[in-house]
Amino acid sequence: MAAPIRLGAGLLQSALRSWQTGPHVAKEWESPLRSLLGCQNRFLSCVVGTCASCPRLASASRSYCQGSALDRFLGLPQTNNSPTPGVPAASMYRDEQDLLLARPPDMPENPRILRVVFLGAPNAGKSTLSNQLLGRQVFPVSKKVHTTRRQALGVITEKETQLILLDTPGIISSAKQKRHHLELSLLEDPWKSMESADLVVVLVDVSDKWTRNQLSPQVLQCLTQFSQVPSILVLNKVDCLKRKAVLLELTAALTEGVVNGKQLNIRQAFRSNPGTVCPSPAAIDPETQSVRKPQRIGWPHFQEIFMLSSLSQEDVKILKQYLLAQAQPGPWEFHSEVLTSQTPEEICTNKIREKLLEYLPQEVPYNVQQKTVVWEEGPSGELVIQQNLLVPKESYLRILIGQKGQLISQIAKEVSHDLMDIFLCDVHIHLAVKLLK
């Protein structure tokens with residue numbers, strides 16, 4: 001099954017060779033490419049209901065990926081089809097999390113480790129892929145940019161191997177950070193993460209026609225400065241493409257015709273396809289002058305190319321197996337029960353912000369301040385959370401509350417069910433919208 005998403009130089013060369021021969025051969029090759037790369041969308045759905053309605057929950061659990069936390073919560077039979085079997089729950093209290101992070105690693109006799117940094121433009125799908133690899137939705141995800149505001153760490157431990165995933169904010173230029181008054185962490189965290197990386201995964205959203213034809217100048221600058229760190233290219237959201245041959249064009253441009261040190265005969269392939277347009281050097285962001293070779297649009301040092309949909313368990317499983325195989329002998333950094341370095345409050349705040357970004361229009365979600373005022377255990381062992389959402393305008397307040405309070409209730413309901421799958425306990429969350437004074 002590795003063939004559908006992992007393209008080494010050999011497979012890519014054969015694709016380009018077929019493409020070069022002529023349109024009739026290219027169509028013959030594109031057909032198996034479509035079958036190889038065709039990915040089904042497997043969305044994680046939210047469960048509506050309480051723990052008392054077991055038949056309803058059992059039915060809803062089948063909408064989750066197999067082996068989900070909800071299945072274990074209900075005591076349903078488990079399978080090993082999930083890419084992340086036996087995933088630990090996140091701690092629901094800060095002191096428990098602190099103790100867990102301080103525990104010595106319970107590593108085996110021959111431990112292996114790999115620190116993986118996810119790098120890419122804003123909204124490339126880094127957090128979605130990280131969540132799928134981890135097996136729990138601990139990182140915030142939305143269609144709006146800058147959902148991830150600072151570096152977050154996830155841990156995968158399987159047998160003797162530990163993967164540390166560094167989910168970074170979308171890499172931006174200093175000019176953009178200043179112009180939009182963005183947090184300094186959006187600018188600095190991707191660079192700090194590279195200092196300790198063993199492998200960098202560069203994600204490109206192939207569904208974005210405006211950005212997919214070249215790596216951003218900031219990503220190229222980061223790769224150039226840390227050229228000693230091995231890197232792989234992940235072409236994400238391939239399920240959104242109608243014409244899969246676009247993937248060959250993008251791979252040729254983004255790798256400069258070199259994969260794992262092997263030169264590809266790209267010029268002739270492009271010459272046989274006059275409709276293929278390579279982006280011009282002028283398309284590079286003029287704000288970034290620090291990239292030494294502004295004509296560069298790709299990186300010729302990728303070791304592997306993966307084409308996948310982050311929503312496909314099968315695709316993610318293949319990538320995960322590759323990452324596990326790249327781990328090198330070395331001591332673990334965390335106990336095997338650690339899932340993330342985030343505090344429970346940070347996970348909750350990020351989940352609420354994820355819903356705000358999803359449901360609120362334009363600039364409104366970026367102007368909401370969040371303050372947790374209650375975090376305690378309820379009378380039946382449930383986790384009770386209250387968070388105040390502070391907005392600067394009355395118009396924002398009305399938008400967030402919604403007609404008859406329907407929107408804020410919907411957000412609270414969805415966050416509760418998301419947190420239930422992360423903490424493996426019943427969660428009651430109360431959201432209060434208030435006007436900033």
Who passes salt bridge (charged side-chain N to carboxylate O under 4.0 Å, His left out) against [X], sequence neighbours left out?
{"X": "Asp205", "value": "Lys237"}
{"X": "Glu394", "value": "Arg398"}
{"X": "Glu345", "value": "Arg94"}

Donor on one side chain, acceptor on other, [X] and [Y], under 3.5 Å:
{"X": "Thr340", "Y": "Gln342", "answer": "yes"}
{"X": "Tyr93", "Y": "Glu376", "answer": "no"}
{"X": "Thr349", "Y": "Gln370", "answer": "no"}
{"X": "Ser310", "Y": "Asn236", "answer": "yes"}
{"X": "Tyr396", "Y": "Glu363", "answer": "yes"}
{"X": "Gln406", "Y": "Gln410", "answer": "no"}

Nearest-0.5 Å distance, CG of residue Asn367 to CG of residue Leu360: 10.5 Å
Could you measure the distance from the OG atom of Ser416 to the CG atom of Asp421? Nearest 0.5 Å is fine. 13.0 Å
Looking at [X] and [Y], does any basic side-chain N land under 4.0 Å from a carboxylate oxygen?
{"X": "Glu158", "Y": "Lys320", "answer": "yes"}
{"X": "Lys351", "Y": "Glu414", "answer": "no"}
{"X": "Glu160", "Y": "Arg112", "answer": "no"}

State which residue, out of Ile385, Leu356, Ile429, fulfils the side chain to side chain contact (heavy atoms under 4.5 Å, CB included) condition with Val415. Ile429
